[in-house]
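Structure first, then comments.
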2 protein chains.
Amino acid sequence: MTKSNRSELPPEPDFQLITTALGIVSGKWRLYIILLLGEKTLRYRQLSEMLPGVSEKVLASELKSLVALGVLERTAYAEIPPRVEYSLTKKGHLALPILRKIQEIGQIFN
Amino acid sequence: MTKSNRSELPPEPDFQLITTALGIVSGKWRLYIILLLGEKTLRYRQLSEMLPGVSEKVLASELKSLVALGVLERTAYAEIPPRVEYSLTKKGHLALPILRKIQEIGQIFN
DNA sequence: CGGTATCCTCACAGATACTG
DNA sequence: CAGTATCTGTGAGGATACCG
């Protein structure tokens with residue numbers, strides 16, 4: 001009774017949900033990558049240039065993980081030279097508003 | 001011009017904010033600890049029992065870090081046996097709604 | 001009760017060189 | 001251009017024993 005709770009979170013923290021969520025965002029570059037792709041689709045090289053300091057290996061493996069998690073979508077075009085674009089999936093877009101909000105936490109504690 | 005943007009986030013991701021935010025939540029038990037204390041003040045032993053699987057050392061060091069970051073408050077009572085209570089600071093309470101929302105990301109990707 | 005003090009280990013971030 | 005392959009180190013996280 002009381003009222004419907006169709007999309008509300010339980011009042012108590014849920015360890016499973018937290019673990020899943022942290023699996024998405026934890027990693028020095030992940031959140032940044034997702035937020036960049038939340039604005040527009042980008043090519044690998046563009047991402048690499050927008051993230052000075054990240055090594056090729058780390059960027060590639062983070063992208064691969066995020067694709068596997070269903071956050072990002074990878075589109076390869078059969079051209080020469082090769083072109084690969086990364087964008088958010090539907091789920092990624094669903095999560096985007098919350099992911100953006102995480103930056104507000106940074107504002108509070110800066 | 002346009003409209004006021006007193007508390008809005010910039011459209012582009014801010015690496016500094018993201019880094020600060022991740023420094024708060026990243027860590028296997030941190031978010032869980034914060035959300036538990038978001039509901040009520042708890043003693044060390046209570047936290048320890050609500051987090052089966054966390055070792056004494058890890059719990060103590062996570063609590064210490066969160067206190068240092070300004071998320072938690074530690075109150076020790078000069079009693080025997082000793083009593084120590086942990087609660088959210090003002091900043092912690094400010095961040096709480098966003099921190100709770102992070103669980104929704106888990107719902108999306110489960 | 002509320003922690004330290006030690007010791008361990010292994011996953012993962014990073015640098016660099018190379019390839020389809 | 002868009003990645004792999006390989007090697008390396010660092011530190012978060014953990015197990016256990018002990019202390020004020």
Side-chain angles (χ1 to χ4, degrees), chain A residues 13 15-16 18-34 36-37 40-69 71-87, chain B residues 15-16 18-37 40-69 71-88 102:
Chain A
F15 191 69
Q16 167 62 29
I18 291 172
T19 303
T20 302
L22 289 180
I24 305 283
V25 302
S26 87
K28 191 172 170 188
W29 306 99
R30 286 198 178 186
L31 199 47
Y32 202 77
I33 292 170
I34 298 170
L36 284 174
L37 292 175
K40 52 187 285 197
T41 294
L42 292 169
R43 300 178 60 169
Y44 179 88
R45 189 56 43 192
Q46 292 177 298
L47 277 169
S48 168
E49 281 160 11
M50 296 168 98
L51 297 157
V54 72
S55 75
E56 299 289 307
K57 191 218 97 176
V58 169
L59 177 56
S61 80
E62 291 302 73
L63 288 172
K64 193 177 278 188
S65 301
L66 289 171
V67 168
L69 286 165
V71 186
L72 304 186
E73 214 155 36
R74 180 185 185 277
T75 312
Y77 297 89
E79 303 172 355
I80 290 179
R83 177 162 61 106
V84 178
E85 293 186 342
Y86 289 90
S87 56
Chain B
F15 190 69
Q16 167 61 31
I18 291 172
T19 303
T20 302
L22 288 180
I24 306 282
V25 302
S26 87
K28 193 170 171 189
W29 305 99
R30 288 197 178 188
L31 198 47
Y32 202 77
I33 292 169
I34 298 170
L35 295 182
L36 283 174
L37 292 174
K40 52 187 285 196
T41 294
L42 291 169
R43 300 179 61 168
Y44 180 89
R45 190 56 44 192
Q46 292 178 297
L47 277 169
S48 169
E49 282 160 10
M50 295 168 98
L51 297 158
V54 71
S55 75
E56 299 288 307
K57 190 216 99 176
V58 170
L59 177 56
S61 81
E62 291 301 73
L63 288 172
K64 194 177 278 187
S65 301
L66 290 170
V67 168
L69 286 165
V71 186
L72 303 187
E73 215 156 35
R74 179 185 185 277
T75 312
Y77 296 89
E79 302 173 354
I80 291 181
R83 178 162 61 105
V84 177
E85 293 186 340
Y86 289 91
S87 56
L88 292 193
I102 292 177

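Numbers restart at 1 for each chain; the letters A, B, ... are given by sequence-line order, proteins then strands. Just so we're clear, the structure is a prediction, and the values are computed from it rather than from any experiment.
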Can you identify which nucleotide, out of [options], has its nearest atom closest to the [X] side chain?
| X | options | answer |
| --- | --- | --- |
| A:K28 | C:dT4, C:dA13, C:dC1 | C:dA13 |
| B:R45 | D:dA2, C:dT16, C:dG2 | C:dG2 |
| B:V84 | C:dG20, C:dG3, C:dC1 | C:dG3 |
| B:W29 | C:dG20, C:dC1, D:dG14 | D:dG14 |
| B:Y44 | D:dT16, C:dG2, D:dG13 | C:dG2 |

- State the CG-CG distance between A:L42 and A:L37, to the nearest 0.5 angstrom.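 It comes to 5.0 Å.
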
Heavy-atom closest pair, residues [X] and [Y]:
| X | Y | result |
| --- | --- | --- |
| B:Y32 | B:M50 | CE2-O, 4.0 Å |
| A:R30 | A:L69 | NH1-CD1, 3.6 Å |
| A:I24 | A:L66 | O-CD2, 3.9 Å |

- Could you say whether A:V54 or A:P82 is positioned toward the 5' end of DNA chain C, judged by the nucleotide with the nearest heavy atom to each? A:V54

- Closest-nucleotide 5' rank along DNA chain C - winner of A:R30 and B:P81: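 Comparing both residues, the 5'-ward one is B:P81.
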
Could you give the [atom1]-to-[atom2] distance, from [X] to [N], as a whole number of Å?
| X | N | atom1 | atom2 | result |
| --- | --- | --- | --- | --- |
| A:E62 | D:dG3 | CD | P | 14 Å |
| B:L59 | C:dT4 | CG | P | 10 Å |
| B:L63 | D:dG13 | CG | P | 13 Å |
| B:L51 | D:dG13 | CG | P | 13 Å |
| A:E56 | C:dT19 | CD | C1' | 13 Å |
| B:E49 | C:dG3 | CD | C1' | 15 Å |
| B:I80 | D:dG20 | CD1 | P | 15 Å |
| B:L22 | C:dC12 | CG | C1' | 15 Å |

When you measure from the side-chain N and O atoms of [X] to the phosphate of [N], is any distance below 4.0 Å, counting only OP1 and OP2?
| X | N | value |
| --- | --- | --- |
| A:K64 | D:dG3 | no |
| B:R43 | C:dG2 | yes |
| A:R74 | D:dA2 | no |

- Item | No-hydrogen, no-angle side-chain donor-acceptor test under 3.5 Å, A:Y86 and A:Q46 | no

- Between A:Y86 and A:K57, who's closer to the 5' end of DNA chain D by nearest nucleotide? A:Y86

